[in-house]
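Quick notes on the structure that follows.
Computed from heavy atoms alone, side chains included, the values below leave out hydrogens, waters and symmetry copies.
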Amino acid sequence: MLSKDLERIKDLQVRKNVPLLPLTSFRIGGPAHLFLVPRTLKALEHTIFYLGNRSISYKVLGQGSNLLISDKGVKLVMSLAALNRIHSTPGHTFKTIVSVEAGCRLKSLISWSIHNSLCGLENLSGIPASVGGAISMNAGTNKCSMAEAIDAVQFTGPDGSCWFQRNQLQFDYRSFRLPDKALISAARIQLDKSSPDQIKRNVRNVMRKRRTTQPIGKPNAGCVFRNPPGDSAGKLIDQCGLKGLRIGDAEVSKKHANFIVNRGKASAVQVMDLLEIIRERVKKEADVGLVPEVSIWGMET
Ligand SMILES: Cc1cc2nc3c(=O)[nH]c(=O)nc-3n(C[C@H](O)[C@H](O)[C@H](O)COP(=O)(O)OP(=O)(O)OC[C@H]3O[C@@H](n4cnc5c(N)ncnc54)[C@H](O)[C@@H]3O)c2cc1C
């Protein structure tokens with residue numbers, strides 16, 4: 001009944017029992033019973049209006065780089081992957097404002113800005129994310145975060161879409177306050193003019209550092225815990241001697257203690273058990289309560 005109704009929405013692709021595992025960087029998780037891919041903003045608005053009116057909840061999928069999904073899967077997933085257009089907006093004097101849909105990959109946006117001699121996003125290079133996911137997690141490094149590049153964000157909820165200016169938005173460390181029942185459908189990013197060679201050099205430096213500090217090559221979901229104020233989750237986990245600790249195929253990375261890597265067939269349950277052990281040990285030995293950074297779907301924390 002639900003899928004029949006949704007199939008009537010123009011420009012909405014409705015798929016059943018879609019495996020989510022290949023859509024996540026962790027390579028973990030069961031299927032989405034229904035998987036929705038709106039191809040236009042109108043289709044997204046109609047879908048959210050339909051779901052909102054019936055109080056049907058759903059999960060929003062970006063690039064799947066910060067997700068731990070239950071082995072049983074989840075009911076309803078909205079993928080914004082088809083909403084990925086970029087265009088620059090004329091009329092601003094000092095900055096170039098670029099409008100981008102939320103499903104666009106951050107990597108594509110950075111390549112587009114290099115091509116158009118625009119800088120400002122280089123320090124975010126190598127963060128696997130959609131623009132919507134990067135905003136919702138306020139993705140970043142110790143040098144910068146997504147918030148700094150934002151001019152405005154468009155939200156779409158059951159009442160339609162509307163733009164919020166930078167001063168109306170609340171960004172925090174690895175978090176962003178979303179209006180109730182809304183998702184991020186687009187953003188305006190402010191960038192400066194620069195030479196493509198200089199931007200490319202900056203990108204290369206950032207990528208080089210990333211390769212030396214992060215476990216590239218094994219499936220993972222980035223940092224699993226948020227850094228406690230003034231401290232580093234990775235350092236605390238390392239000090240407890242937990243690097244290399246394994247449950248099944250889930251392992252605390254030997255390179256970066258705040259990463260859990262999937263050595264092959266790790267399950268969500270194994271990762272959850274590992275998270276619990278880490279939390280208990282850090283609490284006991286350092287008296288610090290670690291909070292997950294990774295978004296967990298379909299399981300209690
Ligand atoms: C190898 C690796 C390195 C990483 N390095 C970093 C790093 O240096 N810094 C950093 O901050 N992160 C890092 N991450 C984590 C990840 O890249 C970021 O959290 C990123 O912002 C996730 O974006 P995504 O599109 O993949 O979101 P997803 O993983 O798909 O979703 C994450 C959360 O955002 C929500 N979401 C996604 N899109 C939207 C939307 N349009 N509207 C509302 N909510 C939405 C989802 O519902 C979910 O709750 C890393 C991950 C990996 C695998």
Side-chain angles (χ1 to χ4, degrees), residues 15 17-38 57-84 102-107 124 126-140 145-146 173-176 178 182-185 214-227 233 247-253 256 258-276 278-279 290-301:
R15 294 165 60 198
N17 286 323
V18 172
L20 294 173
L21 178 147
L23 303 180
T24 68
S25 59
F26 230 157
R27 299 288 183 267
I28 293 175
H33 301 298
L34 271 187
F35 189 83
L36 309 179
V37 188
S57 64
Y58 60 92
K59 300 287 188 191
V60 187
L61 178 68
Q63 197 176 318
S65 308
N66 201 229
L67 291 180
L68 176 60
I69 300 178
S70 152
D71 302 313
K72 293 190 184 117
V74 290
K75 279 194 182 132
L76 189 52
V77 170
M78 179 97 70
S79 161
L80 300 190
L83 298 177
N84 57 12
C104 177
R105 295 196 163 199
L106 194 54
K107 188 177 177 185
L124 302 174
I127 300 180
S130 62
V131 168
I135 295 171
S136 85
M137 300 301 298
N138 191 17
S145 70
M146 194 65 197
Y173 166 69
R174 300 294 167 267
S175 74
F176 173 66
L178 270 170
L183 54 70
I184 297 156
S185 47
Q214 293 189 354
I216 311 257
K218 292 200 188 97
N220 67 77
C223 289
V224 286
F225 291 107
R226 300 156 68 89
N227 284 327
I247 297 183
D249 268 350
E251 180 183 84
V252 179
S253 165
H256 188 318
N258 199 16
F259 277 55
I260 290 180
V261 294
N262 177 359
R263 294 174 54 103
K265 290 195 160 43
S267 66
V269 169
Q270 289 168 350
V271 176
M272 288 298 280
D273 289 348
L274 207 46
L275 291 177
E276 204 37 52
I278 296 170
R279 265 211 289 217
L290 291 180
V291 177
E293 179 172 315
V294 64
S295 299
I296 300 171
W297 287 4
M299 292 175 290
E300 300 299 320
T301 48

Query raised in the report: Can you tell me how far CG of Leu20 sits from CH2 of Trp297, rounded to the nearest 0.5 angstrom?
Result: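 Interatomic distance, Trp297 CH2 to Leu20 CG, rounded to 0.5 Å: 7.0 Å.
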Go through the structure and list residues passing side chain to side chain donor-acceptor pair (under 3.5 Å) with [X], not counting sequence neighbours.
{"X": "Glu293", "value": "none"}
{"X": "Ser145", "value": "Asn138"}
{"X": "Ser185", "value": "Gln154, Thr156"}

Report task. Just grab all the salt bridge (charged side-chain N to carboxylate O under 4.0 Å, His left out) pairs involving residues 258-271, residues at least two apart or on different chains. Result ->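 Checked against salt bridge (charged side-chain N to carboxylate O under 4.0 Å, His left out) - neighbours excluded - the pairs reaching residues 258-271 are Glu251-Arg263.
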**Report entry** Nearest atoms (heavy-atom pairs only) where Gly126 meets Pro128
**Finding:**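 For Gly126 and Pro128, the tightest heavy-atom pair comes out as O-CD, 3.1 Å.
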Query raised in the report: For Asn66 and Val294, which heavy atoms make the closest approach, and how far apart are they?
Result: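 Heavy atoms of Asn66 and Val294 come nearest at O-CG2, 3.4 Å.
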With no hydrogens and no angle check, is any side-chain donor or acceptor of [X] less than 3.5 Å from a backbone partner on [Y]?
{"X": "Arg174", "Y": "Phe225", "result": "no"}
{"X": "Asn220", "Y": "Ile260", "result": "no"}
{"X": "Asn262", "Y": "Ile28", "result": "no"}

Requested in this report: Please list, chain by chain and in numerical order, all residues satisfying ring-ring contact (aromatic ring centres under 6.0 Å, His included) with Phe259, sequence neighbours excluded.
Outcome: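 Phe259: ring-ring contact (aromatic ring centres under 6.0 Å, His included) contacts with His256.
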Query - Qualifying residues under side chain to side chain contact (heavy atoms under 4.5 Å, CB included), relative to Val291, sequence neighbours excluded - result: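 Expected list: Arg226.
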